[in-house]
**Student:** 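Take this structure, written in structure tokens, and hold onto it; I'll ask about it next.
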Number of protein chains: 2
Amino acid sequence: MASIKDVAAEAGVSVATVSRVLNDHPSVSADARARVLAAVGTLGYRPNAVARSLRTDQTHTLGLVISDVMNPYFTELARSVEEEARALGYSVIIGNADERPDLQDHHVRNLLDRRIDGLLVSPTDGGSPLMLDAVRAGTPMVFVDRWIPGVEVPVVRADGEAAVRDLVAHLHGLGHRRLAIIAGPAATTTGQERVAAFRAALHAYGLDLPEDYIGQGDFQAESGRRVTEGFLDLATPPEVVFAADNLMALGALDAVRARGLRVPDDIALAAFDDIPWFVHTDPPITAIAQPTGELGRAAVRALVDRIEGRPPQSVTLPARLVVRRSCGETAPPERPAPPERPASPQPSPVTNRSQT
Amino acid sequence: MASIKDVAAEAGVSVATVSRVLNDHPSVSADARARVLAAVGTLGYRPNAVARSLRTDQTHTLGLVISDVMNPYFTELARSVEEEARALGYSVIIGNADERPDLQDHHVRNLLDRRIDGLLVSPTDGGSPLMLDAVRAGTPMVFVDRWIPGVEVPVVRADGEAAVRDLVAHLHGLGHRRLAIIAGPAATTTGQERVAAFRAALHAYGLDLPEDYIGQGDFQAESGRRVTEGFLDLATPPEVVFAADNLMALGALDAVRARGLRVPDDIALAAFDDIPWFVHTDPPITAIAQPTGELGRAAVRALVDRIEGRPPQSVTLPARLVVRRSCGETAPPERPAPPERPASPQPSPVTNRSQT
DNA sequence: CACGTCGATGTAATCGATTCCACGAGGAGG
DNA sequence: CCTCCTCGTGGAATCGATTACATCGACGTG
């Protein structure tokens with residue numbers, strides 16, 4: 001592979017001049033520039049990003065450590081992160097933690113070793129020493145979706161509280177009174193917050209959230225199935241199961257169907273995180289939709305701001321309820337090609353200065 | 001960030017000795033080793049992978065350029081690739097081409113600039129000069145899922161021919177005679193092969209595949225919708241629509257539903273690529289399942305073989321038909337927890353030496 | 001005892017870029 | 001005409017590792 005020296009030789013100039021042309025430094029003569037460019041062309045030269053990074057101490061690479069790539073929510077997040085990063089001149093290396101703290105650490109360490117310019121994390125747990133050290137050492141970092149309380153890092157996330165209230169109102173309106181939740185891991189903020197929001201919303205309706213109506217899941221389909229089976233075994237099973245993420249909702253659907261029961265007739269189902277497939281399940285699933293793409297983009301912007309010396313901003317965007325048929329029939333059936341629906345109001349971002 | 005020099009100073013040895021300890025070179029005294037390790041500990045030293053890569057000319061990184069991350073098939077592929085690579089001591093950088101040749105080129109260039117050790121590609125098109133040049137220049141490469149004919153690169157893929165035959169037999173057995181297909185891009189091998197396999201299977205039953213029963217899609221949901229609408233507008237619409245991938249099947253489902261028609265009563269639907277969600281759609285969708293995880297792992301093994309100087313092998317694994325209800329009622333309903341189903345025979349891999 | 005071998009270590013070259021500094025030519029200004 | 005600045009350029013240091021080569025002491029052996 002041709003190096004800058006080969007180009008210099010071919011063009012009859014020094015490596016310094018070649019470098020200047022490549023980084024379009026102003027003080028290069030038109031003649032030299034042309035010769036260098038020609039040499040680059042004939043040799044098919046491409047600068048070695050590794051060498052460049054070593055010298056400049058920047059890799060123009062962002063690390064994204066995600067809880068679970070197989071979860072469509074995170075897939076979409078990853079996609080929007082990569083898009084925005086690309087637009088800003090950065091590449092992204094994705095690390096999939098699979099909800100395992102040890103894997104998360106593996107990826108953080110790997111990314112740090114590669115000297116990525118900044119780290120986007122959706123933490124699987126309360127924060128390993130490794131990650132905390134990295135923050136302390138000054139690694140630019142931004143939390144996305146989930147975060148770790150007490151750590152001075154900008155957070156980009158969706159606020160589901162209002163949407164959960166809407167959901168409970170919807171369920172209450174349908175006559176449901178016994179509502180259960182499949183919670184996410186208590187170590188994650190989203191795991192906790194969604195339960196808290198749900199409980200608060202229930203209280204507003206004078207309803208309780210008894211202990212056995214809180215199932216402990218781990219954001220994976222299998223746990224949704226297991227927890228739902230537990231609910232169905234209860235002396236008085238709930239009328240509604242609210243899954244704290246889409247995969248657990250899928251598991252719940254499995255469990256219900258395995259008993260020969262039907263949604264929503266025998267038991268209603270709702271989920272946090274909306275995904276395209278929810279339109280096509282039987283029945284279509286009522287869900288709380290996050291502005292996933294916008295979250296990813298905002299997170300990248302915050303991180304790049306931090307990297308490039310501008311003050312990063314924490315961002316909180318509202319989630320919204322999407323009613324379908326899995327909780328009972330009231331909503332008009334969703335029409336794939338709406339004739340002339342009034343434009344749905346864009347959620348206005350709630351933006352705060354970072355606490356940093 | 002502490003460098004090897006700092007460690008050397010702290011331990012009272014030279015950088016060479018530190019390096020030897022780190023790469024556990026045999027000829028280091030126990031005493032020196034202990035002092036170095038201690039210094040590493042107190043300084044929290046981590047070797048700079050960038051510098052190491054520059055010197056050794058290997059990054060221990062694989063590039064994976066994938067056609068579309070949002071497609072669950074490719075997500076799963078990416079996941080298995082990362083797993084196997086990690087097990088073999090490599091990291092993976094994923095580039096999402098979104099079925100766009102220009103984006104594919106962008107990622108290939110980017111990965112090449114980063115001097116990845118090898119490239120795993122599922123080509124979106126017939127092969128850009130860039131990629132062909134890379135092969136010619138000796139970049140270790142392996143094609144996965146799709147490939148480019150005439151290029152001397154090992155291929156890891158699934159053979160769906162037998163499964164497509166099974167599918168047509170199934171459809172024929174249900175009395176369907178007018179079968180249509182939503183094809184993938186003609187520039188991709190999978191786009192072509194699936195049509196060819198379908199046509200061949202139809203011929204075996206004395207059936208024809210007329211031109212207007214071949215819709216041109218692009219592996220994205222929207223094209224599935226559009227093509228299906230075209231089918232439904234035909235004077236004699238098909239009785240079955242076979243989508244060449246899962247996303248187009250989703251679009252087809254949309255289109256059918258938008259007309260107020262039902263699957264399978266009004267029109268049957270089948271798809272290439274099985275995914276977990278197909279169990280939960282209304283109705284569950286009959287699909288051809290690829291051994292995705294095994295494909296990803298085999299591809300990584302082939303690539304790493306090539307990188308480390310062993311002869312890489314092309315691998316072809318069989319796909320298999322999974323019958324559900326979207327083509328008509330014959331199959332027994334799928335039971336989530338089968339009591340004692342006879343172990344389904346493992347597909348025996350058809351393995352060939354690489355053509356390289 | 002002398003010499004060859006081996007093990008442990010340090011010095012310095014190297015990978016491929018960027019960039020500081022010095023230098024020479026040419027133009028402007030006094 | 002001399003001085004000073006600017007512009008274009010090249011030489012060489014540098015980033016943080018790895019590794020070939022040199023060195024040196026200890027040890028085994030004839």
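Given the structure is predicted, the values throughout are model-derived calculations rather than measurements. Numbers restart at 1 for each chain; the letters A, B, ... are given by sequence-line order, proteins then strands.
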**Student:** If I take atom CD in residue Gln58(B) and atom P in nucleotide dG16(D), what distance separates them, rounded to the nearest angstrom?
**Tutor:**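 Between P of dG16(D) and CD of Gln58(B): 21 Å.
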**Student:** Could you tell me whether the phosphate oxygens of dG10(D), OP1 or OP2, come under 4.0 Å of any side-chain nitrogen or oxygen in Thr17(A)?
**Tutor:**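 So the side-chain polar atoms of Thr17(A) do come within 4.0 Å of the phosphate oxygens OP1 or OP2 of dG10(D), strictly under.
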**Student:** Scan Val50(A) against the nucleic acid and name what it touches under 4.0 Å (heavy atoms): base, sugar-phosphate only, or nothing.
**Tutor:**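 No contact.
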**Student:** Taking atom C1' of dT18(D) as reference, at what distance in whole Å does atom CD1 of Ile4(B) sit?
**Tutor:**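 For the pair Ile4(B) CD1 and dT18(D) C1', the rounded distance is 8 Å.
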**Student:** For the pair made of CG in Asp6(B) and P in dA17(D), what is the distance, rounded to whole Å?
**Tutor:**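 Rounded to the whole Å, the gap is 9 Å.
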**Student:** Rounded to whole angstrom units, what separation is found between the CZ atom of Arg35(A) and the P atom of dG8(D)?
**Tutor:**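 Going from CZ in Arg35(A) over to P in dG8(D) covers 14 Å.
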**Student:** When all nucleic acid strands are considered with a 4.0 Å heavy-atom cut-off, which category describes Ser19(B): base, sugar-phosphate, or nothing?
**Tutor:**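 Base contact - Ser19(B) has a heavy atom under 4.0 Å of at least one base atom.
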**Student:** When you check the phosphate oxygens OP1 and OP2 of dT9(C), does a side-chain N or O of Ser29(B) lie under 4.0 Å from one of them?
**Tutor:**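 It does, given that an N or O in the side chain of Ser29(B) lies less than 4.0 Å from OP1 or OP2 of dT9(C).
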**Student:** For the side chain of Ser53(B) and the backbone of Ala49(B), is there at least one donor-acceptor N/O pair under 3.5 Å apart?
**Tutor:**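 Looks like yes, one N/O pair under 3.5 Å.
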**Student:** So what does Val18(B) touch, heavy atoms closer than 4.0 Å: a base, only the sugar-phosphate, or nothing?
**Tutor:**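 The answer is nothing, as Val18(B) stays clear of every strand by at least 4.0 Å.
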**Student:** How is Asn23(B) classified with respect to the nucleic acid when contacts are heavy atoms under 4.0 Å: base, sugar-phosphate, or nothing?
**Tutor:**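 Contact class for Asn23(B): sugar-phosphate only.
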**Student:** Taking all atoms of both residues into account, what is the closest heavy-atom pair of Ser122(A) and Ser67(A), and its distance?
**Tutor:**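 Distance-wise, the nearest heavy atoms are OG-OG, 2.9 Å.
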**Student:** How close or far is atom C1' of dC15(C) from atom CZ of Arg115(B), stated in whole angstroms?
**Tutor:**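 Distance check: Arg115(B) CZ to dC15(C) C1' gives 11 Å.
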**Student:** Does Thr56(B) reach a base, just sugar-phosphate, or nothing at all? Heavy atoms under 4.0 Å.
**Tutor:**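 Touches sugar-phosphate only.
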**Student:** Is any side-chain N or O of Ser27(B) closer than 4.0 Å to OP1 or OP2 of dC6(C)?
**Tutor:**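 False: Ser27(B) side-chain N/O out of range (4.0 Å or more) of dC6(C) OP1/OP2.
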**Student:** For Ala2(A) versus Tyr45(A), what's the shortest heavy-atom pair and its separation?
**Tutor:**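 Distance-wise, the nearest heavy atoms are O-CD1, 3.3 Å.
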**Student:** Determine the contact category for Ala32(B): base if any of its heavy atoms lies under 4.0 Å from a base atom, sugar-phosphate if only primed atoms, P, OP1 or OP2 are that close, otherwise nothing.
**Tutor:**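 If one applies the 4.0 Å heavy-atom cut-off, Ala32(B) turns out to touch the sugar-phosphate alone, with no base involved.
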**Student:** Return the nearest nucleotide to the side chain of Ala16(A); candidates are dT19(C), dC15(D), dC15(C).
**Tutor:**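 Among dT19(C), dC15(D), dC15(C), the one nearest the side chain of Ala16(A) is dT19(C).
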**Student:** dA17(C), dT19(D), dG10(D): which one has an atom nearest the side-chain heavy atoms of Asn48(A)?
**Tutor:**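 Nearest nucleotide to the side chain: dA17(C).
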**Student:** Between dA17(D) atom P and Lys5(B) atom NZ, what is the distance in whole Å?
**Tutor:**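 Distance, rounded to whole Å: 9 Å.
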**Student:** State, to 0.1 Å, how close His107(B) and Asn96(B) come at their nearest heavy-atom pair, and which atoms those are.
**Tutor:**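 The pair with the smallest heavy-atom distance is CE1-O, 3.0 Å.
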**Student:** Rounding to an integer number of Å, can you tell me how far Arg55(A) CZ sits from dT18(C) C1'?
**Tutor:**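 For the pair Arg55(A) CZ and dT18(C) C1', the rounded distance is 5 Å.
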**Student:** Expressed as a whole number of angstroms, how long is the span from Asp57(A):CG to dA17(C):P?
**Tutor:**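 Those two atoms, CG and P, are 18 Å apart.
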**Student:** Is the shortest side-chain heavy-atom distance between Glu83(A) and Asp98(B) below 4.5 Å?
**Tutor:**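 Side-chain contact under 4.5 Å: yes.
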**Student:** Does Arg20(A) make a side-chain donor-acceptor contact with the base of dG10(D), cut-off 3.5 Å?
**Tutor:**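 Answer yes: a donor N or O sits under 3.5 Å from an acceptor.
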**Student:** Might you point out which heavy atoms bring Asp105(A) and Ser128(A) nearest each other, and give the distance in Å?
**Tutor:**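 Shortest heavy-atom separation between Asp105(A) and Ser128(A) comes out as OD1-OG, 2.6 Å.
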**Student:** Which listed nucleotide (dG10(D), dG8(D), dA17(C)) is nearest to the side chain of Ser14(A)?
**Tutor:**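 Closest nucleotide to the Ser14(A) side chain: dG10(D).
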**Student:** Between the base of dT18(D) and the side chain of Arg52(B), is there any donor-acceptor pair under 3.5 Å?
**Tutor:**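 Absent.
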**Student:** Hey, which sits more toward the 5' end of DNA chain C by its nearest nucleotide, Ala30(B) or Ala51(A)?
**Tutor:**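 Result of the comparison: Ala30(B).
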